[in-house]
Amino acid sequence: MKYFKPIYIMALLTGGLVMADSSEAALFTVNNTWMLVSTILVFIMHLGFATLESGLTRAKNTVNILFKNVSIIAIGLLTYAICGFNLMYPGEFSLGGVFGFAGWGISVPQGAAGLVEYADGAYTYFTDFIFQAMFAATAATIVSGAVAERVKLGSFLIFSTLYVAFIYPIAGSWKWGAGWLDQIGFYDFAGSTLVHSVGGWAALVGAVVLGPRIGKYGRNGKGTIPIMGHSMPLATIGVFLLWFGWYGFNGGSVLSADPGPVSFVFVTTTLAAAAGVIGAMTLSWTISKKPDLSMVLNGSLAGLVGITAGADVISPMNAVIVGYIAGLLVVSSVMFFDRLKIDDPVGAVSVHLTCGIWGTLAVGIFSPEHQFLTQLIGVGAYGLFCFVSALGLFYGIKTAIGLRVSEQEELGGLDLGEHEMEAYAGFQIFTVE
Amino acid sequence: MKYFKPIYIMALLTGGLVMADSSEAALFTVNNTWMLVSTILVFIMHLGFATLESGLTRAKNTVNILFKNVSIIAIGLLTYAICGFNLMYPGEFSLGGVFGFAGWGISVPQGAAGLVEYADGAYTYFTDFIFQAMFAATAATIVSGAVAERVKLGSFLIFSTLYVAFIYPIAGSWKWGAGWLDQIGFYDFAGSTLVHSVGGWAALVGAVVLGPRIGKYGRNGKGTIPIMGHSMPLATIGVFLLWFGWYGFNGGSVLSADPGPVSFVFVTTTLAAAAGVIGAMTLSWTISKKPDLSMVLNGSLAGLVGITAGADVISPMNAVIVGYIAGLLVVSSVMFFDRLKIDDPVGAVSVHLTCGIWGTLAVGIFSPEHQFLTQLIGVGAYGLFCFVSALGLFYGIKTAIGLRVSEQEELGGLDLGEHEMEAYAGFQIFTVE
Amino acid sequence: MKYFKPIYIMALLTGGLVMADSSEAALFTVNNTWMLVSTILVFIMHLGFATLESGLTRAKNTVNILFKNVSIIAIGLLTYAICGFNLMYPGEFSLGGVFGFAGWGISVPQGAAGLVEYADGAYTYFTDFIFQAMFAATAATIVSGAVAERVKLGSFLIFSTLYVAFIYPIAGSWKWGAGWLDQIGFYDFAGSTLVHSVGGWAALVGAVVLGPRIGKYGRNGKGTIPIMGHSMPLATIGVFLLWFGWYGFNGGSVLSADPGPVSFVFVTTTLAAAAGVIGAMTLSWTISKKPDLSMVLNGSLAGLVGITAGADVISPMNAVIVGYIAGLLVVSSVMFFDRLKIDDPVGAVSVHLTCGIWGTLAVGIFSPEHQFLTQLIGVGAYGLFCFVSALGLFYGIKTAIGLRVSEQEELGGLDLGEHEMEAYAGFQIFTVE
Amino acid sequence: MKLIIAIIQPEELPAIKEELLKHQIYKFTITNAKGQGKEIPVQEVYRGISHEITLLNKVRLEIAVNDEYVDAVIDAITLVAKHEGDKGRGKIFILPIEECIRIRTGEKGSTAIG
Amino acid sequence: MKLIIAIIQPEELPAIKEELLKHQIYKFTITNAKGQGKEIPVQEVYRGISHEITLLNKVRLEIAVNDEYVDAVIDAITLVAKHEGDKGRGKIFILPIEECIRIRTGEKGSTAIG
Amino acid sequence: MKLIIAIIQPEELPAIKEELLKHQIYKFTITNAKGQGKEIPVQEVYRGISHEITLLNKVRLEIAVNDEYVDAVIDAITLVAKHEGDKGRGKIFILPIEECIRIRTGEKGSTAIG
Ligand SMILES: Nc1ncnc2c1ncn2[C@@H]1O[C@H](COP(=O)(O)OP(=O)(O)O)[C@@H](O)[C@H]1O
Ligand SMILES: Nc1ncnc2c1ncn2[C@@H]1O[C@H](COP(=O)(O)OP(=O)(O)O)[C@@H](O)[C@H]1O
Ligand SMILES: Nc1ncnc2c1ncn2[C@@H]1O[C@H](COP(=O)(O)OP(=O)(O)O)[C@@H](O)[C@H]1O
């Protein structure tokens, strides 16, 4: 028989694991394991974002985008440990369902309290923290795509740190932390609003405050000129990884491995994503006469964002409808924002905000237990809070240290400007047009 | 303690979860969780196919290949929900073990019937559906590689839709749906024949009907000219992701998390893949004098396809032999089809058909419980059915709307022709030779 | 109800699965399932290495690096089946805690012995083998990065085969096989020393014996010239995949799915990785004035390697410190080795050796149960053994068949020289400077 | 000695190479180029925006020859690349070369060129 | 007929194109080039080593024109690309063309050039 | 003024740069090229098919100089790139330049070239 490595702290940790009988222990273990697997799946979504965003932008800004994505996850995880977790799940609110804070740092409840009793035998304190921490960084990452190719690195990192450390968890506490929106019956299963719209609003504000990239809306008013992403394979890798991770994002949001709900959520999530692809394909093919890969990729994400709020309460058939409509919406939304001359290089606003709102409202439409009006109130409340916060932060930073790189740096690329580095050393890349 | 998001439908779903004791619930939960994890793993194989196929073809056709792969999975999932699942698992056959249909759409058995009783406490109805649905799209994706760089997008999408909606599930029902081949004792554990050969036959027919790419078999009879894939890193990513996903493909086909069989399948699958690499390496190094990465990559897939039919009934030692021979076979097969001037850009026919047949027959050789002759009958029956169906479909589409893009479009690339888009905007790519 | 595929060997395997009650079976199943999931996660780390290493080297050597990485995993798995597993876990030592061998091949204990009794109901024999086998190939892969862009393919493959078949498992047996270092209380949870340093020492020896790449340390003593990696996206994909897989590497090293320890390990692993990013960012930004993506990427790996030895015995807060210091160390170490003119293209020595040593010592600092001195003895013993073995092997191979490609081949690239193939056919790549 | 610079369509290179070989001309240098001329612009679609690309992929072929070969080169290229009615088939420019050196030997003049 | 070869900064191409168009000049060929001149070298940092890159990205613009257009081309380029005090804005070289052939028609001489 | 076009092996560029610098020549432009000549073709193997590649990677070096520097450039290049017996080391072509303009200043003629 093989030898086992002794794990000292294990004894300490499992000391509390005295359960009525060992079958409870088994159920506890499988629930917890599924939550950890979901955590890993949500983690890899950050690679999905990194590759999607760099694929849909130009080669001269690739190092910059990758750098931002690697930094954000690190910052997001650490700030969530420092204060985010305790802002989002304050236990008690000091300010009537709107603000609460359970103290700095992560504090391990001793013995069984942190383990089996912590969540009625569904998962441990540590599992709870790490699963939620992986979600946190997502909101900031969404912004990164919309402000790409022109935002100063330092300014963006400051914005992200503040947004992810304070705005995201406070907003989250209103619903998931049992705050006021939860009390009035607002529903958002895995975060169409709490994660995607929260990121999407900041993305919108960022894109507006920064203004469009040079050349996007024509020199001398020559109309909108597409600025092609430099690598469709990278973008495709990103979308598949996001879809892949979404099984943890939605599946893990069941907060246990309960076979019924988890498998149900898998089905709705999958069908919505597939329908999003078809929705985006039909609309973009009709409008542009040619099948546009970048739109179809966005379509699957649209379907996923759309079903996220109601993945456990919308039937498979209706999930197809929600996803299909999200696919239509994302294409229309991209074109709409272009008409407004709001330049969002990767379509982050259309995917996460437009479809996040749609998904949240869809719960009010397709789930009999939920009310459209309450959902609308939730959407409005989050919109207001995030819009104002993001605007405040962006303007503050703009005033203090500036937001946008110089014209010359933008033309030459942020990789050389901000990093003095190239993403594809040796490759011949035409930097004209 | 943290707050739990209420999940309304969960109550409904788990209402049926009244089990003899909670230990059965725990076992049910872990079995179901493993099936869902396997589902996710099979999902990511589609990214594996997308990257492998685009890596092994030219840069000018990359958008097209990615587009096909994103579409196919969406189409595959939706058609499987509409009719595929009920064709493949009809319950009762209306046509003596050959054809049966359980009705349109996915119909959730109410309460416990759809949950714990559905599969003797191994997984829920939803889990069954979603796991099988992920398999379905695979067959069409295999075809995509063989017809790459010259097939019309629309024609291919029509073919795939029909093949995956009808041919794949009907063929599948013969064995996995308890049809006639199952009754005579034919064995195919995870689909060397039911998935890989079914895709492989269509790939072969497609490659033959379309004819070779311009320039592949020499201008003025100058012999075979290699058309190099444009990105070996992409191809390598594809192979690793496929291998990764295969643990769900084979491991999930145990249809429970039973420790013995699942871990056994992991060992045979892994060793066969490794032996496939070595097999392809030795043969291609001997023949070409130089170690050919593209062949070694195909070698690992060959080993995986080869072991798929018998991963649970072939011993680890024999799995090495099966994998090694698959590695030799794939190299020989690639060269054989080139001699026949059948142009298969990514080697899909050699990997999935040649090794799929080999793997199915290997069960008859290495597993005492199974008979070579029965395996041969199965291989023949599937071959006949798929060949004829694929030929019919391809010829039908060819007659109706044409199959192949114009010579000019092929030379300029399908990305510009079909999509008016470039995969690598900004990069300098030489389109000569 | 759906039909189940019969799995014959399953009956055989699960025949032994007679347990006190079914709740033990459930716990056994979830433990085993988690170990298998961890196995898959460790598997995908090999794609992480492949992409990281090829991203950080030049385009002209990409095929070569990919080929090495695909081969190594195949070789590693097969040799581990042949002798590695039985060298590493000999059961009894024939040479007092230093060397033992349990015989050739993998031998399945019959019935319950190979299943539930094998590891006290934590996992089966097969699971044990396959999980450990995935670790084995890692050590050789680490070397591959340090000797990249100049080592002969054949020579490297011979070195790897011998190192992974004999040196790694013998060294491993000292601790994980319950050998002498285990007996004196040395601690290495998941392999900061047993895996990473063992690979790191060979990487160092390889880099020294081979000498630097042409042009790295200046023509005419012009100082150190950076040789940029050709694809930052590939490198980033590699790092994220490694981090992703590390949840299996560390999480699986708990050797069960026990909720407390596994979730604890997830938290320490994650925070150390995040802190490593910040550590490398602050130091490299300070020194170079510009934020260096390649350093930040290495930083996260540094944090991960650093926490690996003590992921279960170091508190989350201290894990941040361990990770942060690892981040500082990796940057300093890269610059240090450059000063010594030891050319390590991907920083393998700095990540795996420097931080592997740091992590092992950190256990002696941050865990009250462990002694700094014992840890130091362990580090020293492994250093000596690996250094001498690697030196012997490299010199032996150098004498017998040579280690380094010709100058002309190095300039033209190993892809053409060793493989007669290009990684990016069609792309215009400048091969000057 | 003349330097013949021809801007051609990328897909025509293999045929031009074969044609040149018939005249014993097999030494040349090519670069990847983009050209704007009177050719029909290519349409590109990306994220709902359609756009005309006027800078199209070309190959720039450079052949240094002794004067007596100039006509052969022109003939070879025009033979292959001439398509009645189709705009944007490219141009050939003939420039004078004053001296030519074979780097390997240092040899100069008209014998060095081939 | 002259061949005008201009080495310009990549980001100035769109403006130069517009300027040329004002003079009815819209046919040209470009290639991707790297140039070394007196421009301030770009700093690159990689893995703790900082390095000066002196070979910078340029675009090589080739325009064949009849003699009377030469000044217009020079004016258009210098107008856009001229920045007082900033080194490394590039060069224009004028070379003689002896003959020009339109591949499509075989047409020669000064009418073939446009 | 002359335009010196040299087709060289990519790996020889750094040494040629150093040699040119000794003669105070440091301004030049390079493009990535592929050349076919008498050099030994490279063998490529892909999926069991072996194939001869005759279009090999080259660097195309362009240096505009005043007449008195021509010999120095030729010497620098041939010195580095000359390998007895080895085919395919490349060619140098010397073309006349009629005019040279420094874009930044509009300055013309022989002083503008450096
Ligand atoms: N005057 C010119 N100077 C430089 N390149 C030219 C010139 N005229 C044509 N070209 C090149 O030739 C290509 C085709 O030219 P075009 O004039 O459209 O062909 P055609 O004469 O057949 O209509 C252009 O894309 C450009 O690259
Ligand atoms: N004599 C030359 N030969 C070839 N290319 C040149 C020459 N002089 C300048 N160039 C090209 O022009 C670019 C800018 O040249 P530079 O002399 O630095 O500009 P400026 O004259 O404005 O200082 C260089 O990078 C190089 O590509
Ligand atoms: N007449 C020519 N015109 C254009 N390029 C040429 C010519 N001759 C040689 N070259 C270039 O020089 C390279 C080497 O030429 P080659 O004649 O083989 O060298 P060598 O004279 O040393 O044998 C070729 O690959 C090609 O790029």
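Within every chain, numbering begins at 1; the chains are lettered A, B, ... in the order of the sequence lines, protein sequences first and strands thereafter. The figures that follow rest on heavy atoms only: side chains count, while hydrogens, waters and symmetry mates do not. Just so it is clear, the structure is predicted and the values come from calculations on it, not from any experiment.
For B:L234, no part lies under 4.5 angstrom from a heavy atom of chain C. Only the side chain of B:P316 comes within contact range of chain C, with heavy atoms under 4.5 Å apart. Contacts of B:V320 with chain C are made by side-chain atoms alone, with heavy-atom separations under 4.5 Å and no backbone atom involved. Both the backbone and the side chain of B:F244 come within contact range of chain C, each with at least one heavy atom under 4.5 Å from a heavy atom of that chain. Contact of C:S71 with chain B is made through backbone and side chain together, with heavy-atom distances under 4.5 Å. Using a 4.5 Å cut-off between heavy atoms, C:T127 contacts chain B through both its backbone and its side chain. Interface remark: B:L41 contributes side-chain atoms only to the contact with chain C (heavy atom separation under 4.5 Å). With a 4.5 angstrom heavy-atom cutoff, B:A59 touches chain C only via side-chain atoms. In this structure, chain C has heavy atoms under 4.5 Å from both the backbone and the side chain of B:S294. For a residue to count as touching a neighbouring chain, one of its non-hydrogen atoms must lie under 4.5 Å from one of that chain's; by this rule B:W285 touches chain C with the side chain only. Proximity to chain B involves both the backbone and the side chain of C:F427, based on heavy atoms less than 4.5 angstrom apart.
Interface check for chain C: of the options B:L293, B:L27, B:V277, the most heavy-atom pairs under 4.5 Å are formed by B:L293. The most heavy-atom pairs under 4.5 Å with chain B, out of C:I73, C:L77, C:I65, C:T62, come from C:L77. Comparing B:M88, B:H230, B:M228 by heavy-atom pairs within less than 4.5 Å of chain C, the highest count is held by B:H230. Contact count versus chain B (heavy atoms, under 4.5 Å) is highest, among C:L47, C:N32, C:I130, for C:L47. Interface check for chain C: of the options B:P291, B:A274, B:S231, B:S288, the most heavy-atom pairs under 4.5 Å are formed by B:P291. Of the listed residues (B:V37, B:I237, B:N31), the greatest number of heavy-atom pairs within a distance under 4.5 Å of chain C belongs to B:I237.
Checking C:Y125 against B:S263 by side-chain atom types alone, no donor-acceptor pair falls below 3.5 Å. Residues B:N250 and B:T269 have side chains that bring a donor and an acceptor to within less than 3.5 angstrom of each other. Side-chain atoms of C:D415 and C:Y424 include no donor-acceptor pair closer than 3.5 Å.
Of the possible donor and acceptor atoms, one in the side chain of C:H46 sits under 3.5 Å from a partner among the backbone N and O of C:M134.
When side chains are defined from C-beta on, C:F131 counts as touching C:L255, because their heavy atoms get closer than 4.5 Å. Here the side chains of B:F186 and B:L194 are in contact, with some heavy-atom distance below 4.5 Å. Side-chain atoms of C:F156 and C:I72, non-hydrogen and from C-beta on, do get closer than 4.5 Å to each other. Residues B:V267 and C:I106 meet the side-chain proximity criterion, which asks for heavy atoms closer than 4.5 Å. Using a 4.5 Å heavy-atom threshold, the side chains of C:H419 and C:L153 count as touching. Looking only at side-chain heavy atoms (C-beta outward), B:M232 and C:M421 come within less than 4.5 Å of each other.
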>> Show, in sequence, the C-alpha distance, side-chain angles and deciding distance for C:F126 and B:F266, and conclude whether the ring pair (Phe, Tyr, Trp, His ring centres under 6.0 Å) test is met.
In response: CA-CA 8 Å; C:F126 291 119; B:F266 265 58; over 10 Å; no

